[in-house]
Amino acid sequence: MKNIVILISGRGSNMEAIVQACATEAWPARITAVISNRPGAAGLQFAQARGIATAVVDHKSFSDRDTFDAELARVVHGFAPDVLVLAGFMRILTAGFVKQFEGRMVNVHPSLLPAFTGLHTHRRAIEAGCKTAGATVHFVTAELDHGPIIAQTVVPVLPGDSEATLSARVLAREHLMYPRAVRWLVSDLLRMEHGVVTHVSGESQLV
């Protein structure tokens, strides 16, 4: 039985999808904690209502990223994670933090990486005239939004799309893709060679 720790900053809708999938699909894992950098994050209440331990490491209480990351790492290690999931965690993590969880920390980014790293991905996709958009689940590395790709999902960019409508369409797909990717990870169904992630039984990684 593997331990999953999830980091959030707000509502944590992807966290909700992962928690629900873990329970209904009987993963060989359990969600041991949900941790937020914001005391008022709505996702904490969702976790508490389901008996999941929660913790807050308020980034505003620290003078710099290094000291915040050191305390966050201490709290995370206290829950003995086999997998660390970033689900709308809106902090850039230092290389020192990432190294401690290398190979077992994953993130979902709302673009088809390596395109549109960083913020405002949907607006940038529309402005660039993209005909498709999507999201990517990837292993976290020290370089922002550049880790090995586990899974991707694609949606059309429709005529008249706004940033909000495209964002909503992509998020709905994230809620299907992210739990599936985490299940693969905790079930030891992923293999990585030369920075490329494949599914051991050939299941499609385009969700």
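Any value given below was found using the heavy atoms of this structure, including those in side chains, with hydrogens, waters and symmetry copies removed.
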Smallest separation among heavy atoms of Leu185 and Lys2, with atom names | O-NZ, 4.1 Å
Does any non-hydrogen side-chain atom of Ile35 lie less than 4.5 Å from one of Val75?
-> yes
From His199 NE2 over to Trp184 CH2, what is the distance, rounded to the nearest 0.5 angstrom?
-> 5.5 Å
Do you reckon Val207 sits in the same ILVMFWY cluster as Ile150, going by side-chain contacts under 4.5 Å, direct or chained?
-> yes
Would you confirm whether Asn3, through its side chain, and Thr32, through its main-chain N or O, come within 3.5 Å as a donor-acceptor pair?
-> no
Classify the angle between the aromatic ring planes of Phe89 and Phe68 as parallel (below 30°), tilted (30 to 60°) or perpendicular (above 60°).
-> parallel
Intermediate values then yes/no, side-chain contact (heavy atoms from CB on, under 4.5 Å), Ile126 and Leu166 = CA-CA 9 Å; Ile126 292 169; Leu166 181 56; 3.9 Å; yes
Indicate, with yes or no, if Val137 and Leu171 share a hydrophobic cluster defined by side-chain heavy-atom contacts under 4.5 Å among Ile, Leu, Val, Met, Phe, Trp and Tyr.
-> no
Could you state the interatomic distance from CG (Leu72) to CG (Asp58), rounded to the nearest 0.5 Å?
-> 11.5 Å
Looking only at atom types and distance, does a side-chain atom of Thr136 sit under 3.5 Å from a main-chain N or O of Ser111, one as donor and one as acceptor?
-> yes
Hphob cluster co-occupancy, Val157 + Leu112, side-chain heavy atoms under 4.5 angstrom | no
Crowded around Gln45 CD? As in, over 12 foreign heavy atoms under 6.0 Å?
-> no
For Pro148 and Gly195, the nearest pair of non-hydrogen atoms, with its separation, is CB-O, 3.5 Å
Mark yes when over 12 heavy atoms from residues, nucleotides or ligands other than Met90 sit less than 6.0 Å from its CE; otherwise mark no.
-> no
Within the side chain of Arg65, is there an N or O that forms a donor-acceptor pair under 3.5 Å with the backbone of Ile92?
-> yes
Ion pair present between Arg123 and Asp161, side-chain N to carboxylate O less than 4.0 angstrom?
-> no
Where Ala53 and Phe79 come nearest, the two heavy atoms and their spacing | CB-CE2, 3.8 Å
Val34 and side-chain contact (heavy atoms from CB on, under 4.5 Å): which partner among Ile52, Val85, Val5?
-> Ile52
Answer whether the closest heavy-atom distance between the side chains of Pro28 and Ser187 falls below 4.5 Å.
-> yes
With the 4.5 Å side-chain cut-off for hydrophobic clustering, are Val200 and Val186 part of the same group?
-> yes
Check step by step if side-chain contact (heavy atoms from CB on, under 4.5 Å) holds for Arg180 and Glu203.
-> CA-CA 11 Å; Arg180 189 176 304 182; Glu203 186 173 340; 3.9 Å; yes
Any Gln205 side-chain heavy atom under 4.5 Å of Thr198 side chain = yes
Show the numbers, then the answer: is there a side-chain contact (heavy atoms from CB on, under 4.5 Å) between Phe139 and Met105?
-> CA-CA 6 Å; Phe139 284 107; Met105 178 164 54; over 6 Å; no
Stepwise, does the side-chain contact (heavy atoms from CB on, under 4.5 Å) test hold for Leu7 with Asn37?
-> CA-CA 8 Å; Leu7 303 185; Asn37 65 303; over 6 Å; no
Is there side-chain contact between Thr153 and Leu176, with heavy atoms separated by less than 4.5 Å?
-> no
Distance flag, aromatic centroids of His77 and Phe101, threshold under 6.0 Å | yes
Taken to the nearest 0.5 Å, the spacing of Glu163 CD from His120 NE2 works out to 7.5 Å
Is a side-chain donor or acceptor of Asp145 paired with a backbone partner of Gly118 at a separation under 3.5 angstrom?
-> yes
Interatomic distance, Leu113 atom CG to Thr121 atom OG1 [nearest 0.5 angstrom] | 9.0 Å
Does any non-hydrogen side-chain atom of His138 lie less than 4.5 Å from one of Val106?
-> no
Shortest non-hydrogen contact from Arg124 to Leu119?
-> NH1-O, 2.7 Å
Side-chain touch Val182/Ile4, heavy atoms, less than 4.5 angstrom = yes
Kindly determine whether Asp69 and Arg74 satisfy salt bridge (Lys or Arg N to Asp or Glu O under 4.0 Å), including the steps that lead there.
-> CA-CA 8 Å; Asp69 277 12; Arg74 186 192 68 79; over 6 Å; no
So with a 6.0 Å cut-off around CG of Leu189, is the heavy-atom count from everything else above 12?
-> yes
Could you verify whether a donor N or O on one side chain and an acceptor N or O on the other, from His59 and Ser61, lie under 3.5 Å apart?
-> no
So among Asn14, Val108, Leu93, Ile8, which one has a side-chain contact (heavy atoms from CB on, under 4.5 Å) with Leu86?
-> Leu93
Shared ILVMFWY cluster between Ile149 and Leu190, side chains joined below 4.5 angstrom?
-> no
What distance do Phe46 atom CZ and Ser13 atom OG have between them, rounded to the nearest 0.5 Å?
-> 10.5 Å
Check His175 against Ala17 and note the closest heavy-atom contact, atom names and distance.
-> O-CB, 3.7 Å
Below 4.5 Å, heavy atoms only, C-beta onward: do Ile31 and Ile18 meet side chain to side chain?
-> yes
Arg169 side-chain N/O to Val155 backbone N/O, donor-acceptor pair under 3.5 Å = no
Side-chain heavy-atom pair His122, Pro110 within 4.5 angstrom cut-off = yes
Of all the heavy-atom pairs spanning Ser36 and Ser9, show the shortest one and how long it is.
-> OG-CA, 4.0 Å
